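Down below is the structure, laid out as structure tokens.
Numbering of residues begins at 1 and proceeds along the displayed sequence. Bear in mind that the values here come from a model prediction, so they are computed numbers and not experimental data. Whatever order the structure lists them in is the order used to number ligands and atoms, beginning at 1.
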Amino acid sequence: MQIVVDLNRCQGYAQCVFLAPRVFELHGEEALRYAPAPPDDQAERVRRAAAACPVQAILVGDRAGAESGKGAAADDR
Ligand code: SF4
């Protein structure tokens with residue numbers, strides 16, 4: 001699976017870090033690091049993390065591929 005986190009949207013709430021600590025990692029207050037291609041055994045955790053993110057910053061699977069080219073493009077959702 002592939003994931004993309006919109007770091008412009010991410011507020012560092014760390015919900016994803018609690019739910020999938022092998023995939024998401026917070027450095028300092030708001031600097032999120034993540035594995036863009038997490039192993040399959042993390043898929044369920046990643047989906048839960050994406051669902052739990054308060055600002056829907058985590059894009060999973062096909063959507064991640066489609067969105068990754070956008071970079072910092074505005075998203076008014
Ligand atoms: S849960 Fe969402 S806002 Fe919080 S750190 Fe993860 S991606 Fe960022």
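- Within the 3.5 Å criterion, the main-chain N or O of Arg9 finds a donor-acceptor partner in the side chain of Gln11.
- Listed by chain and number, Cys10 SG are the protein N/O/S atoms closer than 2.8 Å to atom 8 (Fe) of ligand 1, with waters left out.
- Between Leu32 atom CG and Cys16 atom SG the span is 5.0 Å, to the nearest 0.5 Å.
- With sequence neighbours excluded, the residues forming a side chain to side chain contact (heavy atoms under 4.5 Å, CB included) with Phe18 are Ala14, listed by chain and number.
- Within the 3.5 Å criterion, the main-chain N or O of Val5 finds a donor-acceptor partner in the side chain of Tyr34.
- One distance of note links CZ of Arg22 with CD of Gln42; it measures 4.0 Å at 0.5 Å rounding.
- Considering CD of Glu44 and CG of Leu19, their distance stands at 10.5 Å, rounded to 0.5 Å.
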